[in-house]
Amino acid sequence: MTGGRGAARILDGMSDSPEARVPSPLAELSDERFASGGVRLWLKRDDLIHPELPGNKWRKLKHNLADARAGGHRTLLTFGGAYSNHIRATAAAGALYGFATIGVVRGDELADRPLNPSLAFAAARGMRLVFVDRGTYRRRAEPAFATELAAAHGDFFLLPEGGSNAAAVRGCAELPAEIDVDHHVVAVACGTGGTLAGIAAGLAPGRTALGVAVLKGGFLSGEVTALQRAAYGRATANWRVEDDFHHGGYARTTPELRTFVEDFRARHGVALDETYVGKLLYALTALAERGAFAPGTGIVAVKTG
Ligand SMILES: *Cc1c(COP(=O)(O)O)cnc(C)c1O
């Protein structure tokens with residue numbers, strides 16, 4: 001167990017391990033689309049936290065890895081689509097902190113194809129990829145499925161899809177205390193809603209969290225409420241979700257979004273992904289131009305990746 005002990009020592013220092021940059025940097029943007037309405041905008045650069053475990057994935061894994069270690073587990077198992085950032089991050093975390101990893105990936109047809117860059121990265125970090133058909137993947141939250149997976153693959157610590165559980169929410173709740181500028185709103189792109197649930201829970205009184213859904217469906221508020229209840233026994237009333245900026249759904253884009261992201265890069269020298277953070281900044285800009293934020297509002301947008 002000496003190997004396990006060594007890994008545990010690294011893990012105890014996950015926050016202050018040399019390669020993790022926490023608190024993440026905060027930078028104000030000068031953008032007239034906000035300034036003309038008296039609104040200030042900062043980017044919280046969570047994408048710079050760790051080269052292999054960027055953004056909210058580092059925050060979401062932090063307490064989970066400690067829980068896995070405390071429970072004596074040596075393997076992490078999780079679920080995701082073929083392009084899941086969470087699958088990538090889990091594979092990287094396993095390699096860095098001494099866990100074997102198993103990724104249950106949606107789409108059995110993928111088994112016969114060359115791995116895409118996300119899955120190739122995961123495999124290169126030692127993740128065992130298990131491809132399942134869509135019907136099987138739908139069982140990902142069923143305890144009976146976890147039992148079957150344990151029978152096939154041995155003991156593991158289970159991380160749900162997207163890594164969103166109570167421990168992930170507690171990790172994301174540590175973000176607001178890092179913000180040392182005068183702000184009123186913290187805004188974040190939402191997939192499963194775990195990051196929003198945590199940020200809202202960690203806010204000081206009088207501040208609000210705004211989530212921009214990148215998936216179509218309008219189910220996110222229920223998820224955020226359930227995650228806060230799981231983490232704290234109750235939900236907070238200081239957050240809301242914008243459902244109108246998904247641009248067609250998960251990983252979909254539009255010419256408007258693409259143009260916005262290119263223009264943002266030209267203005268600010270910051271590259272935004274079109275899956276998450278591009279949709280977040282597009283939404284904030286549209287809302288600012290509509291006058292949705294009162295003059296004097298300070299907004300911190302979290303660059304999660
Ligand atoms: C995973 C991810 C999100 C979504 O986080 P949730 O907690 O699932 O809402 C947002 N941004 C980036 C860059 C991500 O990789």
Side-chain angles (χ1 to χ4, degrees), residues 24 43-64 78-93 103 117-118 121-122 140-141 159-176 186-202 209-228 230-231 239-243 245-247 249-253 257 261 264 270-284 300-305:
S24 62
L43 271 192
K44 176 93 170 126
R45 296 297 304 268
D46 265 21
D47 58 314
L48 302 178
I49 287 181
H50 194 290
E52 297 225 328
L53 278 178
N56 58 345
K57 301 302 182 282
W58 186 90
R59 296 188 190 276
K60 292 173 80 169
L61 283 166
K62 182 181 160 189
H63 295 300
N64 272 300
T78 195
F79 306 90
Y83 293 92
S84 164
N85 287 340
H86 166 68
I87 287 271
R88 276 182 75 113
T90 302
S118 290
F121 173 93
R140 62 195 176 277
L159 292 158
E161 182 181 55
S164 283
N165 58 13
V169 171
R170 285 190 281 111
C172 294
E174 294 167 6
L175 183 150
V186 178
V188 68
C190 296
T192 63
T195 309
L196 175 65
I199 288 173
L210 173 62
V212 172
V214 306
L215 285 88
K216 200 159 47 177
F219 56 84
L220 206 58
S221 294
E223 298 289 313
V224 174
T225 299
L227 284 163
Q228 287 194 326
W239 55 268
R240 69 186 181 84
V241 172
E242 275 290 341
D243 273 314
F245 295 97
H246 56 70
H247 294 263
Y250 183 70
R252 300 289 174 83
T253 188
L257 177 61
V261 165
F264 195 92
V270 177
L272 307 177
D273 73 272
E274 288 178 40
T275 308
Y276 290 106
V277 188
K279 290 180 182 178
L280 168 67
L281 269 304
Y282 183 104
L284 292 177
V300 173
V302 184
K303 190 170 181 320
T304 38

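As the structure lists them, so they are numbered: ligands from 1, and atoms in each ligand from 1.
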message: Closer than 4.0 Å to some heavy atom of Cys190 - which atoms of ligand 1 meet that?
response: 9 (O)
- prompt: Atoms of ligand 1 less than 4.0 Å from Gly305 heavy atoms?
  reply: 13 (C)
- request: Quick one: pull up CZ in Arg88 and NZ in Lys57 and give me the separation to the nearest 0.5 Å.
  value: 11.0 Å
Any idea which protein heavy atom is nearest [atom], and the distance to it?
atom: atom 11 (N) of ligand 1; value: Thr304 OG1, 2.6 Å
atom: atom 8 (O) of ligand 1; value: Thr192 OG1, 2.6 Å
atom: atom 10 (C) of ligand 1; value: Tyr276 CD2, 3.3 Å
atom: atom 1 (C) of ligand 1; value: Lys57 NZ, 1.6 Å

- prompt: Short N/O distance, under 3.5 Å, between Gly191 and ligand 1?
  reply: yes
Any N or O of Thr195 closer than 3.5 Å to N or O of ligand 1: yes
- prompt: Taking it one step at a time, do Val302 and Tyr276 satisfy side chain to side chain contact (heavy atoms under 4.5 Å, CB included)?
  reply: CA-CA 10 Å; Val302 184; Tyr276 290 106; over 6 Å; no
Return the minimal non-hydrogen interatomic distance between [X] and [Y], and the atom names on each side.
X: Leu159; Y: Phe79; value: O-CD1, 3.8 Å
X: Val212; Y: Ala283; value: CG2-CB, 3.7 Å
X: Glu274; Y: Lys279; value: O-CE, 3.4 Å
X: Pro176; Y: Ile199; value: CG-O, 3.4 Å

Please verify whether a non-hydrogen atom of [X] lies at under 4.0 Å from ligand 1.
X: Gly162; result: no
X: Ala189; result: yes
X: Lys303; result: no

CA sep, side-chain torsions, deciding dist, call: Lys44, Val186, side chain to side chain contact (heavy atoms under 4.5 Å, CB included): CA-CA 9 Å; Lys44 176 93 170 126; Val186 178; over 6 Å; no
statement: Quick look: Asn56 vs ligand 1, heavy-atom contacts under 4.0 Å, and the answer is side chain
task: Check Asn85 against ligand 1 and report side chain, backbone, both or neither, counting heavy atoms closer than 4.0 Å.
output: side chain
- request: Could you check Val261, Val277, Leu272, Leu257 and say which one makes a side-chain contact (heavy atoms from CB on, under 4.5 Å) with Tyr282?
  value: Leu257
- prompt: Would you say Arg252 has more than 12 foreign heavy atoms packed within less than 6.0 Å of its CZ?
  reply: no
